[in-house]
Structure formats: C-alpha cells, structure tokens
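Below, chains carry the letters A, B, ... as their sequence lines are ordered, and counting in each starts from 1.
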2 protein chains.
Amino acid sequence: MAKHTHPDRLLLAVDCIIIGFLNGQLNLLVTRRDQEPRLGEWSLMGGLVVKGESIDAAAARVTHELTGLENVYLEQFQAFGDVGRTEEERTVSLAYYALVNQESATSQLSEHHDARWVSIRDVPALVFDHNKMVEAALVRLRYRATHEPVAFALLPKKFTLTQLQSLYEAIFDRPIDPGNFRRRLRKMDYLERQNEKDVTTSRKGSWYYTYNAEVYEEMKAAGEEFLLKP
Amino acid sequence: MAKHTHPDRLLLAVDCIIIGFLNGQLNLLVTRRDQEPRLGEWSLMGGLVVKGESIDAAAARVTHELTGLENVYLEQFQAFGDVGRTEEERTVSLAYYALVNQESATSQLSEHHDARWVSIRDVPALVFDHNKMVEAALVRLRYRATHEPVAFALLPKKFTLTQLQSLYEAIFDRPIDPGNFRRRLRKMDYLERQNEKDVTTSRKGSWYYTYNAEVYEEMKAAGEEFLLKP
DNA sequence: CCAAAAGTGTTTACATTACACCCATGC
DNA sequence: GCATGGGTGTAATGTAAACACTTTTGG
C-alpha cells in the first residue's frame, strides 16, 4: 500500500456518537466546536487519530475526554469520507457510537467542553455530516441490541425489568407488550434477580436485576443465541 | 477537527474483498503484492485514497483496476487501524467487499496484476490483517444477504432457482431445503420468470428468472421486508 | 420406462401475539 | 378497599422444518 514517492496523506479523525438513557428516552451528547471552521456550532465529540494510536484507542480517548468514563462500550460502524465533508482540510472520519450510563457520564462531564445532552428524537443541526452519522449509529445500535446484550451498558448496574423494557422501547421507538417481553427475558440466565426491590415507582415494588456478562459468554460459547426482536 | 499546527497525517487505503460465485462455491479474488514490504505475497487488492477522491470512489477504482468491471456492488464494512498492522508506514485501511459476477470479472481480469480466484473455504495466508478482513466481510455479507437482495449481484442476469439456492447454501455454508426455499421465493414478486429454460442441467429443464430491482424498491417503499433466513 | 433434477403439498412443531387476569401494597 | 404499576397465564395465529410426493423428458 505504501508508495515510497509522495504518498497522499490526509487527516483521519474519529467522531463519537455518545448515547445515554434517562427518563425513558435515549439521549445524545453533543458539544460546541472549539475551533474553526464552524466554531461554536453543535457537533459530535471528535478528534484526530494521532501517531502511534490505534483507531479504537482514539475513540476511547475522545469519549474519555468528554465524559471522564473508562471502559465504555464502543463500536466502530462506518467511515465517512466524501470529498467536501469538512469544508476545509480533507478529513476522513471514523464514526463510533458509545453506550454510557448517563448519570455517571453527566456527573463526570468535563468542564473543558461545552457539552449537553439532547433527546435522540430531537437532535439539533450538527456540523458537517454529523446528523447522518447519528442516523447511521441508531440503525447499527438497533441491530446490535437485537442480537447482543449491549443495552445493559446504558443502564445502571441494578435495574428493573420495567426500566429495561422502557429502554428497548426507546431504542426501537415502539411499544412492547410487557408479558411477552418478560417471558423472553425469563429464559436469559444472565439476568440475575437481586434480593432488593425498587420501591420508588410503585406500591408493589419491582425486583432489581443485574446483568452477568460471564454467564452470557458461556451461553454464547455453548452456541445459544441472544435475540430480542423489537 | 483540523488542527492548524502540525496535524498528524497518515496513509489511508482501501482494501477490497472481491467475491465471486462459480460452480456452487464462493470465491475470493487475490493478487500478488507488487511492492515492498511483502512483495509477491498474496494480498487483497488495495490502494491509497488519493486527493479529491471519496473513499467509495477509491474502492470502486481499486475494484475496477483489477476486474475491469463498473457499477459493482460494494459495501464498506470496517476500518482497520491497529498500530503495527502494515509493518512499515502507518496505514489505516477501509475494508470494502465487492460482489461480482465471476464470469464477467474473469474475462476482464487485468493482466497488469497477478490475480487469482481462490475458494472462500480455502483462503491462503494473506499479508497483514487481510485474513481478518475476509472473515469480517463474510459475516457482513451473511447479514446483508438475509436482509437485502444483494446476492443477485453474484449471479448472471438470468439464473435458475436451483442456482440461487446453491448460492445461498454457499453463503451460509449449510444445506437448504428446496421446498421451503422455493416457497419463500414464490412470494417475491421481484423475481420474474422468463419464458426460457436452462436445459443443461436436467431433462426437465428449469426456468430462468431475473431480478427486478425496481419492483423490489417499490415493495421496500411500501414497507415490505426482504428476509431470507439461512 | 427409468433416472434425475425440477418443482409442489402437507403435516407437525414451535414461536409470537394479543389480551385477560392476578399480585402486592401505600394511601 | 382500591388504584397502580408489577407480574403471570393462555388460547389463537402464523411461520418454519421435515419430508413425502408429483412432474418432465432425454436416453
């Protein structure tokens, strides 16, 4: 691949679609651009891939810079490389989406950036092709959430099945039958019921559950599939 | 994204997993590298993204250079950007897979490259992380083929349902029941039976079909889903 | 008429849907 | 005791898998 005479070099960036979940809705973390062009406009959090840094590491760094969080769920889903996309310097951008626990992320929001959570259903105009990136991220998230248990990254460690249902309803943007939803969950041994109830939302209280990734890995290794259709 | 002081620049390439189908099996088009490092070793066809060229255009150009074909089905599916992946210069590569009609492609194979079709079940050791790319391409192809009618890109314009079944068996690497397969196809109005039979494979002869993309787009617009589970 | 591939039909098992119903408890 | 969200059960419908069956025609 490497031409040894005058190779064409360009800028390579990552942009992160950072997604949280609060009060029954999915939210997107956006910032104001801190440089030209488009200084001050709403934008995804991004950054250049620097020397000696893998692209996944760049995405983790960018997410960390804004949220303060480590070990965030990140998936690279598309490269955006149309010619005039960033207006000035030719930049190709690798888009990643991140699933974070919104409470933790909010409490650690870096004050160096002017950041804000917006509803995923009401994303403002973003710079460049960032709105397209958000759309593509949601498509990929919906696919991933049906085939793998990634949604738990958006919830606190302990959560109720009602919260989980509400999350899936937000991801797929449609109501889900509680009976059918729960029946499917009942088969998932990696959901572990705690001896503790959330009593803030109802008289009866609802059991807290935790997600056990090890158990899931075992089931996966045994060939069993995760599937939660919308 | 653009730092105006000393931005980090690196090489950006595309690598194409060019897939064909012949005699009941999927095949991969590989070439011998024509430059250092790893001169002469088996490799995917790749090339640098050049100035003023979109990444999709780069993939189309690279595919065209080797196969002579235009308007090839191409899907970008993953960026590979680990630090030492290309050994010398830091290169990030965008992987695309291409679905081509193997007969047409073979007849137009560029003589400037030392190219060869190999069975997808028996891919030789390729340079760098190219074997990983092939694996990832197959995963994506399998997903795409169940949800969208892309498989037709691998077949001639006219094909029999037996050929189509054989193609799906190759993609999913498992036998398919002819009865059930045909029943599902019967509902797909974008498969149009021609007044012509292929009489080379059986006494009875089997009808030729064509794929009508316009009809599919209409059905898609009407909210109907394509789904061909493996 | 028979072999061999093309193509059809039918039964069965299973999963999904829709919805009615019961449970627990603070007020 | 009743309103409220939590949680369960079940009959009906739809789909997919397995496989037996019919069709066609060159030799």
Segment of DNA chain C, first to last nucleotide, that comes within the 4.0 Å heavy-atom reach of chain B: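 Reading along DNA chain C, I get dA5(C) to dT10(C).
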Cation-aromatic face contact R33(B)/W42(B), 6.0 Å, 45 degrees: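 Output no; distance or angle outside limits.
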Integer-rounded Å distance: [N] [atom2] and [X] [atom1]:
{"X": "L185(A)", "N": "dG6(D)", "atom1": "CG", "atom2": "P", "answer": "14 Å"}
{"X": "F181(A)", "N": "dT8(D)", "atom1": "CZ", "atom2": "P", "answer": "14 Å"}
{"X": "R184(A)", "N": "dG9(D)", "atom1": "CZ", "atom2": "P", "answer": "17 Å"}
{"X": "I176(B)", "N": "dA16(D)", "atom1": "CD1", "atom2": "P", "answer": "13 Å"}

Residue whose closest nucleotide on DNA chain D lies nearer the 5' end, L227(B) versus Y209(A):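 Going by which nucleotide is closer to the 5' end, it is Y209(A).
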Under-4.0 Å side-chain N/O to phosphate OP1/OP2 contact, S202(A) with dT4(D):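 It does not, given that no N or O in the side chain of S202(A) lies less than 4.0 Å from OP1 or OP2 of dT4(D).
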Presence of R186(A) side-chain N/O under 4.0 Å of dT8(D) phosphate oxygens OP1/OP2: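 Result: yes.
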Sugar-phosphate only, base, or nothing, as touched by T160(A) at under 4.0 Å among non-hydrogen atoms: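 T160(A): no heavy atom of the nucleic acid under 4.0 Å.
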What I'd like to find out is whether the side chain of [X] reaches to under 4.5 Å of the side chain of [Y], using heavy atoms alone.
{"X": "Y211(B)", "Y": "P149(B)", "result": "yes"}
{"X": "I55(B)", "Y": "L12(B)", "result": "yes"}
{"X": "M219(B)", "Y": "Y190(B)", "result": "yes"}

Heavy atoms from other residues, nucleotides or ligands near NZ of K132(A) exceed 12 (cutoff 6.0 Å):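 Counting neighbours around NZ of K132(A), 12 or fewer heavy atoms of other residues, nucleotides or ligands fall under 6.0 Å, so no.
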Base-contact (B) and sugar-phosphate-only (S) positions in nucleotides 19-27 of chain D, heavy-atom cut-off under 4.0 Å, - elsewhere: B---BBBB-
Ring geometry between Y97(A) and Y73(A) (parallel below 30°, tilted from 30 to 60°, perpendicular above 60°):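 Judged by the thresholds at 30° and 60°, the geometry between Y73(A) and Y97(A) is tilted.
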ring-ring contact (aromatic ring centres under 6.0 Å, His included) against F181(A), all qualifying residues, sequence neighbours excluded: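 Y168(A).
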Donor-acceptor pair between D56(A) and Q76(A) side chains, under 3.5 angstrom: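 Result is no, nothing qualifies.
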Option from Y209(A), F152(A), F21(A) for which ring-ring contact (aromatic ring centres under 6.0 Å, His included) with F159(A) holds: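 So the option named by the test is F152(A).
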